[in-house]
Amino acid sequence: MASSSGNDDDLTIPRAAINKMIKETLPNVRVANDARELVVNCCTEFIHLISSEANEICNKSDKKTISPEHVINALESLGFASYITEVKDVLQECKTVALKRRKASSRLENLGIPEEELLRQQQELFAKARQQQAELAQQEWMQMQQAAQQAQMAAASASAAQQASSSQDEDEEDDM
């Protein structure tokens, strides 16, 4: 992270990351704030030193991208050869994690089914879902129609009963 001035001296590692590392490494030890700041500065300086040396090695080999081998060579040339075994182990772990991520993201490709076939199957499923939806809508419409017919018949029946009742009342009045 750089400050607004953009000076390389202002680049540091996030303090939260360093604090987390300190807590994980030394869970039962209290570390003063100035000691934490010193650790941040040392880490930043170490990274700057290694990356600068790796960049020089990269440039000497006429490459434009710093590779892990450049970093390992930089560690050795700066006198940090004792870290190389651990660095190689961490590199292997990173490669394994990256490979697992790639495998997980390419599960579709590992099915062995061509993309065209998968697309065709998807279209079939969509068509089937549309058909089911249409059938449901048709059933609902038919139920509404039946309910309307039953309501009409009930109304007609009630009307007929009312007419019969009023007609009977008229007959009784005529009889009197």
Rounded to the nearest 0.5 Å, what separates atom [atom1] in [X] from atom [atom2] in [Y]?
X      : Y      : atom1 : atom2 : answer
Gln146 : Met153 : CD    : CE    : 10.5 Å
Lys100 : Thr96  : NZ    : OG1   : 7.0 Å
Ile113 : Gln121 : CD1   : CD    : 5.5 Å
Ser61  : Lys63  : OG    : NZ    : 6.5 Å
Asn55  : Thr65  : CG    : OG1   : 10.5 Å
Glu56  : Ser51  : CD    : OG    : 10.5 Å

[X]-[Y] co-clustered via ILVMFWY side chain contacts under 4.5 Å:
X     : Y     : answer
Phe46 : Val40 : no
Ile72 : Ile50 : yes
Val87 : Ile47 : no

### Query
Does Gln133 CD have over 12 foreign heavy atoms under 6.0 Å away?
no

### Task
Taking atom CD of Glu135 as the centre, report whether more than 12 heavy atoms of other residues, nucleotides or ligands fall under 6.0 Å from it.
yes

Contacts table for residues 75-86: side-chain donor-acceptor under 3.5 angstrom, sequence neighbours left out:
{"from": "Ser77", "atom 1": "OG", "to": "Glu53", "atom 2": "OE2", "distance (Å)": "3.0"}
{"from": "Ser77", "atom 1": "OG", "to": "Asn73", "atom 2": "O", "distance (Å)": "3.4"}
{"from": "Ser77", "atom 1": "OG", "to": "Ala74", "atom 2": "O", "distance (Å)": "3.2"}

I need the minimum non-hydrogen distance between [X] and [Y], along with the two atoms involved.
X     : Y     : result
Leu91 : Pro68 : CD2-CB, 3.6 Å
Ala54 : Ile66 : CB-CG2, 3.8 Å
Ile13 : Cys43 : CD1-CB, 3.3 Å

Donor-acceptor list for residues 17-35 side chains, cut-off 3.5 Å, not counting sequence neighbours:
{"from": "Asn19", "atom 1": "OD1", "to": "Arg36", "atom 2": "NH1", "distance (Å)": "2.9"}
{"from": "Asn19", "atom 1": "ND2", "to": "Arg15", "atom 2": "O", "distance (Å)": "3.3"}
{"from": "Thr25", "atom 1": "OG1", "to": "Met21", "atom 2": "O", "distance (Å)": "2.7"}

### Query
Heavy atoms, side chains only, cut-off 4.5 Å: are Leu119 and Gln122 in contact?
yes

### Test item: Met142 and Gln138 side chains (from C-beta on) under 4.5 Å apart, heavy atoms
yes

### Side-chain (Ser159) to main-chain (Ala155) donor-acceptor, under 3.5 angstrom
no

